[in-house]
Amino acid sequence: MPTRVLIPSGVLGLGFDEAALWRGVDLAPDLIAIDGGSTDSGPASLGTATSKYSRAASKAEWRVLMQARARAGVPLVIGTCGTAGTDANVDWMYRITAELAEELGQTLKIARLYSEQDPAALADAFDAGRVAPLDPAPATDAAAIRSMAHIVALAGAEQIQAALATGADIVLAGRTTDTAIIAALPLARGDHAGAAWHGAKVGECGALCSTNPTSGVILAQFDATGFEVRPLADGAVCTPHSVSAHMLYENSDPFVLYEPGGHLDVTQAHYAAIGQGAVRVEGARWVPAETYRVKLEGARIAGYQTTLLATLRNRRYVDNARAWAAKLDTFLKREIARRMGLVADAYGLEIRLIGLDATLGALEAGQGRPVEVGVLVIVTAKSQDEATEIAKLVNPFLLHYPLTEDEELPTFAFPYSPAHSERGALYEFALNHTLALDAPMDAFRLQLDELRHG
Amino acid sequence: MVELASKVDKIRSKNAGPFWVTIDIFCGSPDAFDWTRRALASETVAALYRVPLDTLKRFEIESLNVIKFSFPRPVPQAAPDDRDQHGAQYAVLLQELTVA
């Protein structure tokens with residue numbers, strides 16, 4: 001008996017083809033699974049425990065998926081709730097679910113799977129030698145771990161299986177691997193382990209593995225020897241090329257994927273078109289690890305930022321922007337030392353020239369004469385007040401700094417008033433490590449609730 | 001002397017997690033794959049991105065006509081001196097690389 005997992009899209013909040021979703025519901029899936037986040041957008045989501053997608057967009061899509069679940073009569077699972085998968089992100093998703101349950105008149109059993117780690121407890125685990133670095137890993141120690149804003153562990157298939165085993169209608173999971181929410185059920189039902197993980201990897205971005213990447217919805221079907229994947233939107237097809245190429249995506253090694261408890265090896269996988277836009281894949285191997293390890297993600301505050309933006313349109317300044325910026329940089333650092341008593345390594349001040357090399361910096365090889373140059377000044381300091389104080393010191397010079405001493409003071413363009421913008425805390429990813437567990441649920445918690453409406 | 005982008009279908013880059021970047025060169029045909037495989041030395045790519053050669057992973061995937069490079073990001077995603085959070089613009093350097 002094959003296991004069918006319906007995947008509406010690569011992430012909640014990005015949109016999907018509703019007609020294709022209902023087509024998928026009619027194909028009698030055993031589970032509906034969607035991802036709710038990733039590290040893609042940077043550490044701020046994790047640091048602040050907030051979603052990068054709007055609540056309204058997330059709720060509108062979740063409403064349709066809750067309706068699809070009700071019609072299909074199978075569990076609905078979301079991994080990495082609210083972008084970062086912290087406890088607050090999971091509870092944010094729970095409140096959305098509770099509102100929708102009332103609006104839709106649904107009675108539901110909800111399982112929340114929490115992935116957040118207590119920094120103090122993890123610091124103890126670090127001292128006990130249970131935390132190991134990946135390559136490359138930021139330097140860390142128990143004190144650094146204790147100072148982190150939020151830390152999550154990435155759940156694997158076992159923790160999702162534990163949540164499903166509660167009989168929940170909806171599983172709201174904290175941080176999980178992208179693949180775990182898809183692989184969990186076929187693995188629990190004894191389907192081929194290599195195929196379960198491989199199919200999950202192929203399917204985790206929805207229709208990105210098809211010829212119509214933005215159409216969203218796909219169905220992955222698992223059995224004892226392999227898996228099949230088909231897109232459900234009109235005109236979308238999977239081909240052996242589109243499916244096998246997906247292993248390349250956001251993956252540093254196209255043949256190996258590390259997951260909690262082992263790794264997937266697709267070196268021997270073979271892909272065949274089986275008609276109606278579907279592809280069948282066999283040959284992937286799951287290699288269990290000796291120790292069960294989960295990956296950790298942590299964010300901590302690395303300072304506070306205030307930025308300024310000016311534009312240069314005067315031709316002489318555009319042509320000499322680099323020399324002007326270098327001179328201004330030296331001048332500002334001297335003034336900041338003189339007027340604020342701050343030594344150079346007590347703060348950061350960076351001038352990026354938009355139009356010349358703002359994107360690639362020192363790696364930039366391209367040359368050309370821009371019409372104008374944007375001057376982005378990024379100040380990083382130990383407090384927001386200090387960052388803004390530095391920005392205010394920079395302000396008049398950014399507006400008027402001359403290329404040479406013997407010319408009338410120029411005035412450049414500020415696009416808005418005030419010219420500075422407070423960015424708030426700067427977060428950094430402070431862990432690229434794994435945590436060894438005696439049992440998969442050791443670092444995770446389940447919370448069950450029932451919502452009664454209708 | 002031509003730009004690499006003119007010899008292949010597509011070159012894309014993206015973070016592979018916050019600490020790595022990965023670049024996929026879709027050559028489009030066995031001929032273009034063979035040509036690119038020979039024309040593009042790993043040393044050239046390491047120098048282009050200013051990363052140590054021994055941290056650069058190179059994959060030649062004949063079944064897809066794809067050459068893939070992965071390396072630790074020159075700066076981690078969102079570090080104060082990061083300029084491209086998603087790493088998607090790193091591909092430009094290879095697209096515009098002049099090859100013989």
Side-chain angles (χ1 to χ4, degrees), chain A residues 38-47 134-138 240-256 258 267 269-271 295 297 299 302-303 305 347-350 352 354 357-366 376 378-380 426-432, chain B residues 3 9-10 12-26 28 47-52 54-98:
Chain A
S38 85
T39 58
D40 272 9
S41 304
S45 285
L46 179 57
L134 294 167
D135 176 36
H241 188 277
S242 73
V243 171
S244 59
H246 191 67
M247 276 302 288
L248 301 166
Y249 188 68
E250 293 180 344
N251 211 6
S252 63
D253 186 319
F255 301 113
V256 174
Y258 282 87
T267 316
H270 43 95
Y271 307 75
K295 194 176 167 191
E297 289 165 358
Q305 292 190 324
Y347 68 96
L349 181 131
E350 198 187 358
R352 296 186 189 174
I354 300 168
D357 60 4
T359 311
L360 292 169
L363 301 179
E364 182 57 74
L376 175 63
I378 303 175
V379 178
T380 308
L426 170 74
Y427 290 93
E428 66 181 2
F429 283 118
L431 287 172
N432 191 26
Chain B
E3 283 194 350
D9 271 3
K10 184 170 79 175
R12 71 176 183 194
S13 64
K14 196 81 191 282
N15 292 350
F19 298 94
W20 284 76
V21 67
T22 190
I23 307 178
D24 301 326
I25 305 173
F26 291 84
L48 197 60
Y49 293 96
R50 302 193 189 178
V51 294
D54 60 8
T55 65
L56 182 82
K57 294 189 203 174
R58 178 185 179 121
F59 302 94
E60 298 182 354
I61 308 156
E62 202 166 356
S63 60
L64 291 170
N65 294 316
V66 164
I67 300 171
K68 181 181 182 76
F69 294 97
S70 301
F71 49 86
R73 281 173 131 265
V75 294
Q77 179 186 13
D81 45 354
D82 186 24
R83 290 163 178 258
D84 178 8
Q85 299 288 314
H86 299 83
Q89 295 299 311
Y90 281 101
V92 171
L93 287 173
L94 266 179
Q95 289 162 7
E96 297 180 358
L97 179 71
T98 305

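All values below were derived from every heavy atom in this structure, side-chain atoms included, with hydrogens, water molecules and symmetry-related copies excluded. All values reported here derive from a predicted model rather than from experimental measurement. Every chain is numbered from 1, with letters handed out A, B, ... down the list of sequences.
With a 4.5 angstrom heavy-atom cutoff, B:P80 touches chain A via backbone and side-chain atoms both. For A:Y427, the part lying near chain B is the backbone, with the side chain staying farther off; criterion is any non-hydrogen pair under 4.5 Å. For A:A302, no part sits under 4.5 Å from any heavy atom of chain B, backbone or side chain. Contacts between A:L360 and chain B at a heavy-atom distance below 4.5 Å involve backbone atoms as well as side-chain atoms. Only the side chain of B:R12 comes within contact range of chain A, with at least one heavy atom under 4.5 Å from a heavy atom of that chain. A:A362 touches chain B through backbone and side chain together, each having a heavy atom under 4.5 Å away. There is no contact between A:S38 and chain B, counting heavy-atom distances below 4.5 Å. Proximity to chain A (any heavy atom under 4.5 Å) is shown, for B:F69, by neither the backbone nor the side chain.
Here B:P18 is the residue among B:A78, B:P18, B:S70 with the most heavy-atom pairs under 4.5 Å with chain A. Among A:Q305, A:E350, A:E297, the residue with the largest count of heavy-atom pairs under 4.5 Å with chain B is A:E350. The choice from A:P254, A:A245, A:A44 that makes the most heavy-atom pairs within less than 4.5 Å of chain B is A:P254. For the set B:D82, B:V92, B:L48, the count of heavy-atom pairs under 4.5 angstrom toward chain A peaks at B:D82. Taking chain B as the reference chain and counting heavy-atom pairs below 4.5 Å, the highest number among A:G361, A:A365, A:P43 is found for A:G361. Between chain A and the residues B:L97, B:D81, B:V21, B:D24, the largest count of heavy-atom pairs under 4.5 Å involves B:D24.
No donor-acceptor distance shorter than 3.5 angstrom exists from the side chain of B:R83 to the backbone of A:R352, with no hydrogens or angles considered.
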Q.
Would A:L248 and B:F26 count as a side-chain contact (heavy atoms from CB on, under 4.5 Å) here? Give the steps.
A. CA-CA 11 Å; A:L248 301 166; B:F26 291 84; 3.7 Å; yes

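A distance of 6.0 Å separates CG of B:L93 from CG of A:L363, quoted to the nearest 0.5 Å. Distance check: B:F19 CZ to A:L431 CG gives 8.0 Å after rounding to the nearest 0.5 Å.
Here A:D40 pairs with B:K14 under the salt bridge (Lys or Arg N to Asp or Glu O under 4.0 Å) rule; sequence neighbours left out. For A:E364, the salt bridge (Lys or Arg N to Asp or Glu O under 4.0 Å) criterion is met by no residue, not counting sequence neighbours. Residues passing the salt bridge (Lys or Arg N to Asp or Glu O under 4.0 Å) test with A:K295, sequence neighbours excluded: none.
Applying a 4.5 Å heavy-atom cutoff, the residues of residues 58-65 of chain B that approach chain A are B:F59, B:I61, B:L64.
Contact record, A:S252 with B:K57: OG-NZ, 3.9 Å, taken as the closest heavy-atom pair.
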